[in-house]
Amino acid sequence: MAVELVWFKRDLRVHDHGPLARACQSGRPVLCLYVIEPGLWSLPEYSARQYAFLIETLQDLDRALRQRGAHLTVRVGEVPDVLTQLNAEMGLSAIHAHEETGLTWTWQRDRAVAAWAKAQGIGFHETPQHGVIRGLASRYGWAKRWDQFMSLPTVPAPDVIARVEVGSEPIPSAAALGLVTDPCPQRQPGGRRAAIADLKSFLDDLGADYRRAMSSPVTAFDACSRLSAHLALGSVSIREAYQAAERARLVKRKAGQGGFARSIESFISRLHWHCHFMQKFEDETQMEHHDLHPAYRGVRPEPDKDTLARWIDGQTGFPFVDACMRALDATGWLNFRMRAMVAAFASYHLWVHWKAPAEALARRFVDFEPGIHYPQFQMQSGTTGVNTPRIYNPVKQGLDQDPEGVFVRRWVPELSALPASFIHEPWKTPADMLAKAGVVLGETYPDRMVDHEQAAREARARIGALRKGQDHRDAARAIQAKHGSRKSGIKQTGSAANRRKARPVEDDRQTRFEF
């Protein structure tokens, strides 16, 4: 009995799933497979909180498959070994999967699967799912092709899937995979039903103030879509999110809710940027390992264990930075601007190489997306050589984004009795005020790791010296030509021309999603 195998990776849904639809169209029985790979979970970017989110998402996928007569087969091991066993059991006629823009490890695994399939004479069919283009020769015209991909009709979920009777293996515990205990008490739940609920509530109500509120952690936790973790595992496709947002934008505009419509336009722009950075990573996977611009290689030292631990655990002595890190630890999420700030703080103020902090931060993100994380971390560290160095002042950011100290008081309760005028700079607080608030610097709350103003001056001087000279400019121009957003056309996102090409509004579809 030959069967069609659908290999689920980070596309854990039945809707808008081209490989699943193609397998069903064959008329043969379909085996829906997910492989838990111990090698993947041993990588430093992965954590128990991400694994818990994955298990919830797999359970929801299995439920959706069972509604259609199939089920999810889970196996544990390296994928070529699992395929060898399944092929021996029942005979595989073809393997269907989505392309994945992931770490070097997953890229090598995909190549190993392709080689295995070729050696066995089994077709291996890979399908794009993000608007990321494999083997792209030039970024010219990329945005137009992205728009075209996102405007294509979504692929309907199959009504019935011809079942294959094959058992699953027990899902290993996080500890069995070597993952350390990683409590994340306020982590969002996984699965498509949670994804659609988040998207729907954002487009119906919560996203009204998104454009203004997304920068401050005081408001961003409620005003942002919180879709990133679901996009990272593919329980909802980015095309589904894009088309739902376009419909909602037009409905809000028609209803006279111009501010809400503009917020949705900003969200749509973020979907463009999502794929823009993933395309960078697809085109330049060395960003996972090496400074993109060669001038920065070897400039910063690796962090010592104490420095890395104080930064990631929110013990830097800078209340706003620490509040962000502690919020991330408890929730698995942080808004974009604060991600940029904490990354830049490590790279500029602490002056350490970005690789170890990037891995540590990735472990905390439930929504870890390699194709966004590494290009962004390099950009915020200044190692692309293209962007103007962004050295965020951790005190000014606190005063700008949390002027009353609401966020700091929530996440750094040992400083909660300090007045707003000093809560972002406890080292400047008069001694009697510290005593009254029960704060003893260096004991109840750590001394700051560095003088942030002096550290910023030194970092700016170091970076400025590196940026001088023709060799730096030549390398930067080559990087800009290959990866720059100007070449991609992203600046046209949300333009009137693009909006005119949006899918027509169907009022009954604006708030209707399929599970």
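Small disclaimer: the values here were computed from a predicted structure and weren't measured.
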Counting only heavy atoms not in Gln148 (residues, nucleotides, ligands), do more than 12 fall under 6.0 Å from its CD?
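Correct, the count exceeds 12.
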
Does Arg145, at its CZ atom, have more than 12 non-hydrogen atoms belonging to other residues, nucleotides or ligands within less than 6.0 Å?
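Not more than 12 within 6.0 Å, no.
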
Checking side-chain contact (heavy atoms from CB on, under 4.5 Å) for the pair Arg363/Glu359: CA distance, chi angles, key distance, verdict?
CA-CA 6 Å; Arg363 289 192 293 274; Glu359 292 173 347; 4.0 Å; yes

Check whether any side-chain heavy atom of [X] sits under 4.5 Å from a side-chain heavy atom of [Y], and report yes or no.
X: Thr331; Y: Arg187; result: no
X: Leu308; Y: Leu350; result: no
X: Glu126; Y: Glu100; result: no
X: Val79; Y: Asp110; result: no
X: Arg193; Y: Ser235; result: no
X: Asp209; Y: Thr219; result: no
X: Arg111; Y: Gln108; result: no
X: Trp427; Y: Asp447; result: no

For [Y], does its backbone N or O pair with a side-chain atom of [X] as donor and acceptor, under 3.5 Å?
X: Thr285; Y: Thr104; value: no
X: Trp351; Y: Glu458; value: no
X: His353; Y: Pro301; value: no
X: Ser216; Y: Ala213; value: no
X: Ser381; Y: Trp354; value: no
X: His98; Y: Gly234; value: no

Among Phe368, Tyr51, Phe53, the one residue meeting ring pair (Phe, Tyr, Trp, His ring centres under 6.0 Å) with Tyr46
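The single option meeting the ring pair (Phe, Tyr, Trp, His ring centres under 6.0 Å) with Tyr46 is Phe368.
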
Residue pair Val439, Thr429: steps toward the side-chain contact (heavy atoms from CB on, under 4.5 Å) verdict:
CA-CA 10 Å; Val439 177; Thr429 308; over 6 Å; no

Row check, [Y] ring normal vs [X] NZ/CZ: under 6.0 Å, within 45°:
X: Lys144; Y: Trp146; result: no
X: Arg300; Y: Tyr348; result: yes
X: Arg270; Y: Trp273; result: no
X: Arg339; Y: Phe365; result: yes
X: Arg239; Y: Phe149; result: yes
X: Arg226; Y: Trp333; result: yes

Is the closest basic N to carboxylate O distance between [X] and [Y] below 4.0 Å?
X: Asp60; Y: Arg192; value: no
X: Glu246; Y: Arg249; value: yes
X: Lys355; Y: Glu45; value: yes
X: Arg326; Y: Asp329; value: no
X: Asp304; Y: Arg310; value: no
X: Glu37; Y: Lys9; value: no

Apply the test salt bridge (Lys or Arg N to Asp or Glu O under 4.0 Å) to residues Glu78 and Arg109: give CA-CA distance (whole Å), side-chain angles for both, the deciding distance (0.1 Å), then the verdict.
CA-CA 8 Å; Glu78 302 309 317; Arg109 173 255 277 150; over 6 Å; no

For the rings on [X] and [Y], is their centre-to-centre separation under 6.0 Å?
X: Tyr374; Y: His290; answer: no
X: Phe277; Y: His373; answer: no
X: His274; Y: His130; answer: yes

Run the salt bridge (Lys or Arg N to Asp or Glu O under 4.0 Å) check on Arg460 and Glu453 step by step: do they pass?
CA-CA 11 Å; Arg460 193 171 288 109; Glu453 294 176 334; over 6 Å; no

Of all heavy-atom pairs between [X] and [Y], which one has the smallest distance, and what is that distance?
X: Val352; Y: Pro357; answer: CG2-CG, 4.0 Å
X: Gln188; Y: Asp198; answer: NE2-OD2, 3.4 Å
X: Pro426; Y: Tyr445; answer: CG-CE2, 4.2 Å
X: Arg409; Y: Ala420; answer: NH2-N, 3.4 Å
X: His272; Y: Trp142; answer: O-CH2, 4.0 Å
X: Val76; Y: Pro172; answer: CG2-CD, 3.7 Å

Under the criterion salt bridge (Lys or Arg N to Asp or Glu O under 4.0 Å), I'd like the reasoning laid out for Lys252 against Glu265: C-alpha separation, chi angles, the key distance, then a yes or no.
CA-CA 11 Å; Lys252 301 300 184 186; Glu265 287 173 6; over 6 Å; no

Is the ring pair His17/Phe8 parallel, tilted or perpendicular, if the boundaries are 30 and 60 degrees?
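Answer is tilted, since the angle falls between 30° and 60°.
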
Describe, in one word, how the ring planes of Tyr210 and Phe202 are oriented to each other, choosing from parallel (under 30°), tilted (30 to 60°) and perpendicular (over 60°).
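Perpendicular, since the angle between the ring planes exceeds 60°.
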
Show, in sequence, the C-alpha distance, side-chain angles and deciding distance for Arg49 and Asp182, and conclude whether the salt bridge (Lys or Arg N to Asp or Glu O under 4.0 Å) test is met.
CA-CA 6 Å; Arg49 63 181 58 192; Asp182 181 28; 2.8 Å; yes

Evaluate side-chain contact (heavy atoms from CB on, under 4.5 Å) for Thr384 paired with Tyr296, printing each intermediate quantity in order.
CA-CA 9 Å; Thr384 66; Tyr296 300 90; over 6 Å; no

Gap separating the [atom1] atom of [X] from the [atom2] atom of [Y], nearest 0.5 angstrom:
X: Gln279; Y: His276; atom1: CD; atom2: NE2; value: 9.5 Å
X: Arg337; Y: Cys324; atom1: CZ; atom2: SG; value: 11.0 Å
X: Lys280; Y: Thr101; atom1: NZ; atom2: OG1; value: 14.5 Å

